[in-house]
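So that the names make sense, note that chain A is the first sequence line, chain B the second, and so on, each numbered from 1.
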Number of protein chains: 2
Amino acid sequence: MADENISDLIERYLKEILAQNEQVKIRRSEIAGLFDVVPSQINYVINTRFTIQNGYIVESKRGGGGYIRIEKVHLLDDIDVLNSLIDAIGNKLSKRDSETIVQTLYNNELINRREVSIILAAIDKDAIDLNSSDLTDILRANIMVSILNRLRYER
Amino acid sequence: MADENISDLIERYLKEILAQNEQVKIRRSEIAGLFDVVPSQINYVINTRFTIQNGYIVESKRGGGGYIRIEKVHLLDDIDVLNSLIDAIGNKLSKRDSETIVQTLYNNELINRREVSIILAAIDKDAIDLNSSDLTDILRANIMVSILNRLRYER
DNA sequence: AATTCTTTGACTAATATTGACTATTATTAT
DNA sequence: ATAATAATAGTCAATATTAGTCAAAGAATT
């Protein structure tokens with residue numbers, strides 16, 4: 001949805017290829033030249049947008065004939081997806097990573113669009129951000145209001 | 001009406017665009033420059049006039065190519081139920097009351113059984129209980145794991 | 001007078017871009 | 001074979017580019 005910066009354009013470019021093929025193999029400097037950015041920006045795009053949580057495996061090789069290969073992996077079954085996501089979360093989870101996870105759940109058809117937004121509402125920053133060391137009830141109230149607000153509109 | 005302060009003008013400007021399009025995507029500094037105000041006034045306008053209660057969803061992104069996107073969503077007719085529930089909650093909510101609310105939502109066919117359990121997972125005591133004044137990410141991780149665990153079984 | 005709403009700006013946070021330096025692999029020269 | 005060199009990709013920190021927060025000052029309303 002957001003394609004105003006070059007990193008987003010590169011991401012989209014690569015994902016368009018991946019929509020056709022199971023994998024894409026690039027020469028880093030070539031893509032960098034194509035979009036007129038420094039080569040290391042390709043690493044930035046890959047590190048922020050083609051993570052394992054997103055369902056991508058990245059392999060590379062240096063030296064002559066070097067390459068970066070991005071492969072879209074097919075996750076085995078639902079339980080495996082959930083287990084690996086739970087493992088990946090640990091005890092901290094950034095907003096960005098949480099959105100990636102919800103996207104993965106949706107891509108694997110574990111949740112539908114409506115459930116996506118319910119979940120995003122539950123973990124919305126405004127819902128769970130608390131400076132004061134306040135009580136569980138306050139937090140739960142925030143989350144509940146957030147979810148109720150979600151239910152007020154369609155799609 | 002002696003209205004028409006600058007915030008009102010900005011509001012009107014954005015709503016005129018939204019009357020034509022489903023959403024509007026702006027660069028904060030651009031709009032600020034257009035109306036000759038400091039950028040943070042755009043946040044003020046959005047926070048006071050484009051709330052979810054009014055039927056607007058706002059998304060943004062920082063960094064190069066950053067933006068603010070305002071989307072108008074269609075509010076459901078059942079809003080009265082939701083509004084009164086939100087009013088009733090206030091800023092605290094006990095476990096018992098939260099369960100009553102979820103039950104009400106289900107009885108009014110605003111959510112289905114699956115969504116009931118997703119929501120209950122999101123506000124589960126074990127998920128949101130924290131003694132230490134810890135950070136948002138820890139909390140979000142707890143909520144997400146709780147939701148994921150719920151999705152592991154069917155019913 | 002008091003209260004609420006608006007305006008402003010200093011400070012913070014998130015994300016993107018760049019480039020110097022490093023690491024690895026392949027190729028070429030000895 | 002071994003060493004030197006070339007050809008790649010990786011890392012990391014500095015810088016740039018946005019938007020967000022918050023509180024104080026000012027203006028409007030009650």
Separation of dT17(D) atom C1' from Y67(B) atom OH, nearest Å, is 15 Å
To the nearest angstrom, the CZ-P distance between F50(B) and dA19(D) comes to 16 Å
Residues at least two apart in sequence or cross-chain that pass side-chain hydrogen bond (donor to acceptor under 3.5 Å, both in side chains) with K15(A), listed by chain then number, are E11(A)
N47(A) CG to dA13(D) C1', in whole Å, measures 15 Å
Across all chains, not counting sequence neighbours, the side-chain hydrogen bond (donor to acceptor under 3.5 Å, both in side chains) partners of R62(B) are none
So E16(A) and Q20(A), do their side chains get closer than 4.5 Å, heavy atoms only?
no
Residues at least two apart in sequence or cross-chain that pass side chain to side chain contact (heavy atoms under 4.5 Å, CB included) with V38(B), listed by chain then number, are S40(B), Q41(B)
Hits for ring-ring contact (aromatic ring centres under 6.0 Å, His included) against Y106(B), two or more places apart or cross-chain, chain-then-number order -> none
With sequence neighbours left out, the residues meeting side chain to side chain contact (heavy atoms under 4.5 Å, CB included) with T48(B) are Y44(B)
Would you tabulate the nitrogen or oxygen pairs shorter than 3.5 Å linking the protein to nucleotides 28-30 of chain C?
none

Across all chains, not counting sequence neighbours, the ring-ring contact (aromatic ring centres under 6.0 Å, His included) partners of F35(B) are Y13(B)
I10(B) atom CD1 is separated from dT6(C) atom C1', nearest whole Å, by 11 Å
Charged N to carboxylate O under 4.0 angstrom, E115(B) versus R114(A)? yes
Separation of dA9(D) atom C1' from R69(A) atom CZ, nearest Å, is 14 Å
Here the distance between atom P of dC5(C) and atom CG of N43(B), to the nearest Å, is 18 Å
Residue set satisfying side-chain hydrogen bond (donor to acceptor under 3.5 Å, both in side chains) with N107(B), at least two apart, ordered chain then number -> Q103(B)
Between CD1 of I42(A) and C1' of dT8(D) the distance, given in whole Å, is 14 Å
Does a side-chain N or O of R27(A) approach OP1 or OP2 of dT8(D) to a distance below 4.0 Å, or not? yes
Whole-Å distance, I68(B) CD1 to dT18(D) C1', equals 10 Å
By nearest-nucleotide position on DNA chain D, the 5'-leaning member of G66(B) and R28(A) is R28(A)
B/S/- along nucleotides 9-18 of chain C (protein heavy atoms under 4.0 Å) is B---BBBBBB
